[in-house]
Peer 1: 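Here it is: the structure, laid out below.
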Amino acid sequence: MFEPFWRGPIGESATLVIPGWQTMSYFSDVGNLCWFLEPSFEREVRRLHRLVGNAAVEGYHVLVGTGSSQLFQAALYALAPPTADTPLSVVSTTPFYSMYPPLTDFLSSGLYRWAGDANTFDGDDYIEVVCSPSNPDGSIREAVLKSKSGKDIHDLAYYWPQYTPITQMLAHDIMLFTVSKCTGHAGTRIGWALVKDKEVAQKMSKFMEQSTIGVCKDAQLRAAKVLGAVTDGYEHQLATAAGGDANLLFHYARRKMAHRWCALRAAVAASGIFSLPNEVAGFCTFTKDTVTSNPAFAWLRCEKQEVEDLESFLRENKIITRSGTKFGADQKVVRISMVDTDEAFGIFVNRLAAIK
């Protein structure tokens, strides 16, 4: 979905040439707690958050990871006590992101284990993963468990203006972000964490040092260039009072997402057998207006009684989705991507509208 934007005028400013001699060392900044973090990437992360106002950066350590998935595993490692008799429970409110369970249990760690829905968890010691806006249903989430000994990880991959109104500057202990959801550059495989506690940040950095001896510097430089282009586009408009938003990523993407959600809701109404979560609006402190949420995924439910397995039913109609069972929900609901190419999205809504 983002590719046409980067093929436009702003694309040139995000182009990067890396000389053959550059980025040859393992080290980026030996004086930094995260010694493999490229200074330019840290600088652009902080610039972007200050521009958007979605997360605090003052008093936070910036960590870089190979996508936010590696940072999620690093956070589990850092928060779990190394000498506990039993693995620490990892929970999240249903429906939860489908990759949380396999990422948690992939190595069968003795430090932590997946324990399911936070709403049904009974205990004082845990790690609660809070994904907000939620993948898969786009809802705004807060931690539901309140034990003093519990720990939280906030996955804020979708807390950007194209998906949801920015209603406040968040300042949680651990906040995870990823370039893929912010700018669309999924193949760059770069995520970052904002971590308040120094000891936790050191443990997370150690995890990535041991698992991959740092994070690809070429990818960090690419990500820094892309994030910088986004921020520069907005700062240039403010400095010159120029009209239009051709170089404004969040405005472009929000307009695109709003159009797609309008088309999807029309298709659901035309079909008559599906339902979607209610539309939610709020005042966005970044755009200074009231906007509706436009989640990156649609949480589609079938109201037709004889359809029990919606994923299989839609596949028969040449629509690929992911079953609600992957997210801790039932078979009558599925997650559908809203960020595919224009061509693929057009085919999808036309096929959906024709199902009766």
Side-chain angles (χ1 to χ4, degrees), residues 34 41-65 67-69 71-72 74-76 78-79 90-93 96-97 100 118 126-148 150-183 190-198 200-201 204 227 230-231 234 249-250 253-254 257 280-297:
C34 185
F41 180 66
E42 177 178 9
R43 180 173 61 252
E44 296 304 337
V45 163
R46 293 183 184 276
R47 280 185 73 209
L48 186 62
H49 282 300
R50 291 187 182 110
L51 170 75
V52 176
N54 58 343
V57 292
E58 306 304 328
Y60 279 83
H61 302 280
V62 177
L63 303 178
V64 64
S68 59
S69 296
L71 290 160
F72 170 71
L76 295 181
L79 295 178
V90 180
V91 298
S92 188
T93 300
F96 43 72
Y97 176 38
Y100 289 154
Y126 56 83
I127 298 173
E128 182 178 357
V129 190
V130 183
C131 185
S132 183
S134 166
N135 174 0
D137 67 2
S139 62
I140 299 300
R141 299 277 183 84
E142 295 181 354
V144 299
L145 302 176
K146 305 298 181 183
S147 168
K148 291 182 179 179
K151 304 290 195 305
D152 297 334
I153 299 171
H154 283 77
D155 183 350
L156 304 178
Y158 300 95
Y159 192 49
W160 295 103
Q162 65 266 44
Y163 306 119
T164 188
I166 304 303
T167 57
Q168 61 179 315
M169 179 183 290
L170 300 178
H172 301 295
D173 289 344
I174 301 176
M175 299 182 285
L176 306 183
F177 297 89
T178 173
V179 170
S180 63
K181 308 309 184 297
C182 177
T183 70
I190 290 291
W192 69 92
L194 302 176
V195 183
K196 188 177 293 185
D197 183 81
K198 182 178 181 180
V200 172
M204 289 179 66
L227 297 186
V230 174
T231 305
Y234 281 93
L249 172 71
F250 300 122
R254 189 182 74 172
M257 292 298 297
V280 178
F283 183 79
C284 180
T285 58
F286 174 66
T287 58
K288 303 296 190 293
D289 60 353
T290 298
V291 297
T292 58
S293 293
N294 302 298
F297 297 101

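Residue numbers count from 1 along this sequence.
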Peer 1: I'd like to know if the side chain of D155 and the backbone of A157 have a donor-acceptor N/O pair within less than 3.5 Å.
Peer 2: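 Here the side-chain-to-backbone pair exists.
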Peer 1: Kindly say whether the aromatic ring centers of Y158 and Y97 come within a distance under 6.0 Å.
Peer 2: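 Aromatic pair excluded; centres sit 6.0 Å or further apart.
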Peer 1: Could you give the distance from CD (Q162) to OG (S293), rounded to the nearest 0.5 Å?
Peer 2: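 The distance works out to 12.0 Å.
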Peer 1: If only atom types and distance count, is the side chain of E142 paired as donor or acceptor with the main-chain N or O of V130 below 3.5 Å?
Peer 2: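 No; zero donor-acceptor contacts below 3.5 Å.
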Peer 1: Between atom CE of M175 and atom CG of L170, what is the distance when rounded to the nearest 0.5 Å?
Peer 2: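 CG of L170 is found 7.0 Å from CE of M175.
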Peer 1: Decide yes or no for I190 and V64: does some side-chain heavy atom of the first lie under 4.5 Å from some side-chain heavy atom of the second?
Peer 2: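 In contact.
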Peer 1: So for atom NZ, which belongs to K146, do other residues, nucleotides or ligands contribute more than 12 heavy atoms lying within a distance under 6.0 Å?
Peer 2: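 Yes - once you tally the heavy atoms of other residues, nucleotides and ligands closer than 6.0 Å, there are more than 12.
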Peer 1: Taking the side chain as every heavy atom from C-beta outward, state whether F177 and L71 have any pair of such atoms under 4.5 Å apart.
Peer 2: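 F177 does not reach L71 side chain to side chain.
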Peer 1: From L194 CG over to D173 CG, what is the distance, rounded to the nearest 0.5 angstrom?
Peer 2: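 Between L194 CG and D173 CG, I get 12.0 Å after rounding to 0.5 Å.
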Peer 1: How about Y159 and H154: are their ring centroids closer than 6.0 Å?
Peer 2: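 No; H154 has its ring centre 6.0 Å or more from that of Y159.
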Peer 1: Does Y163 use its side chain to pair, donor to acceptor, with the backbone of K181 at less than 3.5 Å?
Peer 2: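 Yes: the side chain of Y163 pairs with the backbone of K181.
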Peer 1: Is it true that a side-chain atom of E128 and a backbone atom of L145 form a donor plus acceptor pair closer than 3.5 Å?
Peer 2: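 Yes; judged by distance alone, with no hydrogens or angles, the pair exists.
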Peer 1: F250 vs F286 aromatic rings, parallel, tilted or perpendicular, using cut-offs 30° and 60°?
Peer 2: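 Aromatic pair F250/F286 classed perpendicular.
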Peer 1: Is the backbone of G67 close enough, under 3.5 Å, to the side chain of T178 for a donor and an acceptor to pair up by distance?
Peer 2: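 Between the backbone of G67 and the side chain of T178 there is no qualifying donor-acceptor contact (under 3.5 Å).
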Peer 1: Is there a donor-acceptor pair under 3.5 Å between the side chain of Y234 and the backbone N or O of L48?
Peer 2: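 No, Y234 side chain to L48 backbone: no donor-acceptor pair under 3.5 Å.
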Peer 1: For the CD atom on Q168, are there more than 12 heavy atoms of other groups (residues, nucleotides or ligands in this structure) within a distance under 6.0 Å?
Peer 2: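 Atom CD in Q168 is packed in, count exceeds 12.
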Peer 1: Step through it carefully: locate the ring centre of H61, locate the ring centre of W192, and say whether they are under 6.0 Å apart.
Peer 2: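 For H61 and W192, the ring centres are not under 6.0 Å apart.
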